[in-house]
Amino acid sequence: MPSPSPASGASSPLRDARRSRFTYRQLAQLATYGTTTPLRVIAHIDLDAFYAQCEMVRLGIPEDKPLAVQQWQGLIAINYPARKWQIGRHCDVAEAKKLCPELIAQHVATWREGDDKWAYRDDAAANIATDKVSLDPYRLQSRKILALIKDCLPKDLQKVEKASIDEVFLDLSAQVHAELLRRFPELSTPPSSGDVAEHLPFPSAAALDWQTDNLVVLEEEQEALDPDWDDVAMLVGSEIVRGVRAQIRERLGYTCSAGIANSKLVSKLGSAYKKPNAQTVVRSRAVLPFLTGIKVTKMRNLGGKLGDQVVSSFNTESVKELRDIPLDQIKAKLGDETAVWLYNTIRGVDHSEVNSRTQIKSMLSAKSFRPSINTPEQAIKWLRIFAGDIYSRLVEEGILEHKRWPRTINLHHRHAGQTRSKQSPISSGKALDEQALFNLAKDLLHQIMAEGDVWPCANLSLSVGGFEEGVKGNMAIGAFFKKRDQVPPPLRPTDTCTIPEGRTVEQPSKKHRLDEVRSIQRFFAKRPAGDAASLGANGQLQVEKLSVDDTSSSWLDRGSEGLDTRGPDTRGPDTRGPESRFSHDTTTGPEDSAQAAIYACARCKAGFSDEVSLQSHQDWHFAKDIQDSECAASTPSQQPTPSRGHTSRSSGPASRRGRGGSKLEQGQSRLRFG
DNA sequence: ACTCTAGCG
DNA sequence: GGCGCTAGAGT
């Protein structure tokens, strides 16, 4: 059927059998990180046995050697070679050594009373009474990895959420969007009808090369469907992630696992699917079959009591069976909000946003006392250690440069099973040093002591929180979140701004279309030719045109510079002693390039220094308009709505605790490759 | 300001 | 199973 003439029955030019399922609008929404577009690409990256890897790298231990990280007599991380010996987190050191005599059990670093820095000590395990564990070495590595990840992605097209010390979410939508336009110029042609509801032409690529990715195996019928844009988008995302993982491996020596999917929910399950050192793609057509093989308690936010409640309410932990339960029945058990959330979750529907926030909100330093301590003098010694710990972390947060400032300090105390706390404000006016923190902590302790029984004390913790962003000489907040008639900030590419509806979008602007192109080239230019060919590598010309002066050093020549937001030399106590092999490239902050604005946006008056920036800014308006036009339809799907108000009944035992350690249990779909 | 619960690794 | 950590709701 070479004739390009009208699809027969369908009459509408918008719906044609030879057209994509997806519309121009849905494509455009990628550029603004719209959370409901089916083309969205989210990745979850999870470092393999992170603490253990940190020690392997630090100590220069060959990666096939079994190693575990020890905390007192227990183990808090076990690398994959050691897991072959059945060593798990439930083991203590003695048991583990019995299972595997060659096991290297490396104790975590500790702070020690009377010492002002943490250190790795041979005798730490024997000094539980005087030492407190320090996770600083891992935080430091976590930062470096995060910085590298950000460095691998185009500055203005990245959205990175630090989910924990060893996990990140990436929203790759905008980058994938740019790459799709580059590879498939036909996507840049406006819809012939002029209506963004028109369906896209079908992708010109016939077969997709998934390389080493794991794909969920599907029924033939499903697999036989031609790839549509969601598959292509996913493939591009997967290539990006493979590149990021390769960099982490090459530059820092860490392996990680990744999941690529349409949502945070599914991408996280994907990264856990195959470990270590692998990545799993869950295409949208594979979501339901994929989830079918997964226990409901493995899903995000269902690992705790809520999950137990679900299981006991419906007498199954199978996602497949839960899907057969009508919404009303779920509502009856869990309350409306939670029910709707669950109903969507077990269908892989999750529109939660990737927050481009890599900053922590509070920090805590704590110690459990075994045995309990009994005097103020003892407590005060610990407060000094806590203060030192927290201070060094505050320095890393940029407290010296007033980048971030904690508003409150809090002391918790446990006595006779009861916990009490006191908190007080931290003045933002005066200097905050270790001594000041210590003094505040002592005050709080005195308040607690004045109010009741304190001894014996089983636990003390000091925390600071309520961080505010830099105040001094920094107009960030006021400038960006001021007026109702919100305009996109003209000069800062990665900041978010709220638009009137209260949603946030990121606005690409300024010189960064160029960075973007460059950075995409990084990924695809140095790839074996076969790879791009499978997708039909067009769009090259366009890139050539855009990638003008590439005078700056190639990313390959750079370390993680320019990304870490710390100022120079704000490191904690780190490289100490010969055993410490973490390297610490000192980094410089991002430079501000103030530019003269000679091009103005007609719509919002934002100024730009060159035509390309202006164009890219107008693209943003275009995409945002489309997103806005979609507002009514979009559900602001959210958190699990922790069954607060209506939990009521039978929060019964359920005592599920599946904790079996088996990872790929029951009927999960098999994987096609390795 | 303070307490409590939850979730995760 | 405990510990260290973070977040957020309720009051």
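By convention in this document, chain letters (A, B, ...) are assigned in the order of the sequence lines, proteins followed by strands, and residues within each chain are numbered from 1.
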Nearest listed nucleotide, side chain of [X], among [options]:
X	options	result
A/Arg370	C/dG4, B/dC8, C/dC3	C/dC3
A/Leu306	B/dG9, C/dC5, B/dG7	B/dG7
A/Lys361	B/dG7, C/dA7, C/dT6	C/dA7
A/Arg420	C/dC3, B/dA1, B/dT3	B/dT3
A/Glu167	C/dT6, B/dG7, B/dG9	B/dG9
A/Ser421	B/dG7, B/dC2, C/dT6	B/dC2
A/Lys422	B/dC2, C/dA7, C/dC5	B/dC2
A/Leu364	C/dC3, B/dC2, C/dG4	C/dG4

(request) Check the surroundings of atom OH in A/Tyr343: do more than 12 heavy atoms from other residues, nucleotides or ligands lie under 6.0 Å from it? (result)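 Open: at most 12 neighbouring heavy atoms sit under 6.0 Å from OH of A/Tyr343.
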Whole Å only: how far is the [atom1] atom of [X] from the [atom2] atom of [N]?
X	N	atom1	atom2	result
A/Ile390	C/dT6	CD1	P	9 Å
A/Tyr138	C/dC3	OH	P	18 Å
A/Lys298	B/dG9	NZ	C1'	13 Å
A/His413	B/dC4	NE2	C1'	17 Å
A/His412	B/dT3	NE2	C1'	8 Å
A/Ile165	C/dA7	CD1	C1'	16 Å
A/Lys162	B/dG9	NZ	C1'	14 Å
A/Ile385	C/dG4	CD1	C1'	16 Å

When all nucleic acid strands are considered with a 4.0 Å heavy-atom cut-off, which category describes [X]: base, sugar-phosphate, or nothing?
X	value
A/Ser463	nothing
A/Leu135	sugar-phosphate
A/Ser164	nothing
A/Arg89	base
A/Thr419	sugar-phosphate

Side-chain N or O of [X] versus OP1/OP2 of [N]: is the shortest distance under 4.0 Å?
X	N	answer
A/Ser424	B/dA1	no
A/Lys268	B/dG9	yes
A/Gln423	B/dA1	yes
A/Ser362	C/dA7	yes
A/Arg300	B/dC8	no

(message) Looking only at the aromatic ring of each residue, does the gap between the centers of A/Tyr391 and A/Phe438 stay below 6.0 angstrom?
(response)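 Ring centres of A/Tyr391 and A/Phe438 not closer than 6.0 Å.
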(request) Run the ring-centre check on A/Phe386 versus A/Trp111 and record whether the distance is less than 6.0 Å. (result)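 So the answer is no for these two rings.
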No-hydrogen, no-angle side-chain donor-acceptor test under 3.5 Å, [X] and [Y]:
X	Y	answer
A/Arg121	A/Thr110	yes
A/Ser271	A/His44	yes
A/Trp118	A/Asp136	yes

